[in-house]
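Encoded as structure tokens, the structure appears first; notes follow it.
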Amino acid sequence: MDTRKLKYFLAVVDHDGFSRAAEHLLIAQPSLSQTIAGLEKELGVPLFHRIGRRAVLSEAGKELVGPARLVMRDLDAAQSAVQALRGVRSGRLDIITMPSPGIEPLTSMIAEFVHAHPSVRLNVSAAFTPEEVIESVRSGSSEIGVAGSPTPIRVPGVQVLELERQPLILIVNPEKDTFGPGTAIQREDLGGHRLIASQRGSLMRWLVDDAVARGVSTEIVVEVAHRTSILPLVLAGVGHAVMPSSWAPLAHKSGLRTLLIEPVSHLDVAILSRKEDLTPAARAFLKVAELHASLAARGQDSAPATGHDEDHNR
């Protein structure tokens with residue numbers, strides 16, 4: 001078995017079929033099919049079930065995905081290690097992130113990392129639950145995972161670095177701003193207002209549902225899966241939005257006001273990785289994350305009790 005066959009196998013997995021995988025690899029589809037057939041012959045088991053034009057992983061194929069990713073990543077690590085001796089940092093780093101941590105702190109960490117290691121290519125994929133992030137890191141699909149959870153994440157066999165705690169805020173619809181001049185509101189103050197909410201299962205949606213369960217007469221006017229739509233919807237006057245404080249800088253730059261929601265609920269943001277066999281690029285990224293976590297801890301220790309951004313009126 002050679003790494004080329006494993007590379008082709010993973011391409012079919014990642015691109016959902018032979019046709020798109022062949023396009024990605026810049027080879028003819030019959031050549032790709034022959035290579036996969038040769039790998040199946042070597043292993044003595046089918047790796048895919050051909051259903052019409054679709055290729056669905058067999059049980060054996062599912063078992064091969066994780067080890068194949070580790071082999072390819074270890075090869076990349078070996079190449080990067082040799083290049084590092086010549087003072088060159090190259091390679092690829094696969095990251096998976098949930099939406100809100102993907103705005104911050106991931107953006108700041110990527111900016112610092114890319115400045116220090118411009119030859120490393122980053123591939124950032126999306127997840128919507130902590131469980132998706134954990135599974136991606138465990139399986140080897142991603143080396144680094146960034147997740148947010150209502151409580152600190154603890155996962156056997158996975159290294160967890162706590163980055164920061166993000167309080168939930170209200171991004172205020174400027175057309176319906178009746179909250180007064182303060183920097184914070186109570187959950188009861190949401191009564192009578194229309195809200196843009198994320199889907200069930202998120203901390204932000206839990207806060208809204210909890211307020212409704214306690215008798216607060218708020219109304220969910222739009223339920224949004226893609227959170228990139230939230231700020232445009234607020235700017236359009238559709239409603240207010242409950243989001244983690246990572247969204248505050250973008251909201252302020254858009255001319256929107258934010259308010260801390262009390263009693264305060266926090267999104268615990270952490271970075272996840274395997275405990276060993278990391279590529280040089282992943283280890284370098286974790287050093288950036290450790291510095292961020294240290295600075296965030298100092299900032300939270302010295303922050304006011306509300307933890308609110310002082311330029312909320314911008």
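As a basis for the values below, the full set of heavy atoms in this structure was taken, side chains included, without hydrogen atoms, waters or symmetry mates.
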Could you check if a side-chain atom of [X] sits within less than 4.5 angstrom of a side-chain atom of [Y], using non-hydrogen atoms only?
X    : Y    : value
D210 : R187 : yes
W247 : S100 : yes
R50  : F18  : yes
L70  : R274 : yes
V124 : I96  : no
V242 : I169 : no
Q199 : M204 : no
N123 : I95  : no

Checklist entry - Parallel under 30°, tilted from 30 to 60°, perpendicular over 60°: which one fits the rings of F48 and F9? => result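 Rings of F48 and F9: tilted, as their planes differ by 30° to 60°.
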Next on the checklist: Can you tell whether the side chains of D94 and R69 come within less than 4.0 Å, N to carboxylate O?
Outcome noted: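 Salt bridge between D94 and R69, a charged N being under 4.0 Å from a carboxylate O: no.
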Checklist entry - For Y8, is the NZ or CZ atom of R4 found under 6.0 angstrom from the centre of its six-membered ring and inside 45 degrees of the ring axis? => result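 Geometry flag: set, cation within 6.0 Å and 45°.
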Next on the checklist: Between E188 and R214, is the salt bridge (Lys or Arg N to Asp or Glu O under 4.0 Å) condition met? List the steps.
Outcome noted: CA-CA 9 Å; E188 291 76 14; R214 294 173 184 271; over 6 Å; no
Item to check | Check against salt bridge (Lys or Arg N to Asp or Glu O under 4.0 Å), E59 and K62 | outcome: CA-CA 5 Å; E59 287 302 312; K62 293 176 182 177; 3.5 Å; yes
Closest contact, heavy atoms only, [X] versus [Y]:
X    : Y    : value
A282 : L278 : CB-CB, 4.1 Å
H240 : V234 : C-CG2, 4.5 Å
G145 : V137 : N-CG2, 3.8 Å
A289 : I271 : CB-CD1, 3.8 Å

State, without any angle test, whether [X] and [Y] hold a side-chain donor-acceptor pair at a distance under 3.5 Å.
X    : Y    : value
S273 : E143 : no
S142 : S136 : yes
H252 : T258 : yes

Next on the checklist: What verdict does the salt bridge (Lys or Arg N to Asp or Glu O under 4.0 Å) test give for K176 and E219, after you've listed the backbone C-alpha separation in whole Å, the side-chain angles of each residue and the deciding distance to 0.1 Å?
Outcome noted: CA-CA 14 Å; K176 299 293 181 180; E219 176 189 358; over 6 Å; no
Next on the checklist: If the test is side-chain contact (heavy atoms from CB on, under 4.5 Å), which one of L267, V133, V146, I103 qualifies with M98?
Outcome noted: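 So the option named by the test is V133.
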Checklist entry - Taking the six-membered ring for Trp, are the ring centroids of F179 and H193 within less than 6.0 Å of each other? => result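 So the answer is yes for these two rings.
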Checklist entry - Are the side chain of E63 and the backbone N or O of A60 linked by a donor-acceptor pair below 3.5 Å? => result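 The answer is no, because no donor-acceptor pair under 3.5 Å joins these two groups.
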Item to check | K5, NZ atom: more than 12 neighbouring heavy atoms under 6.0 Å | outcome: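 Yes, enclosed.
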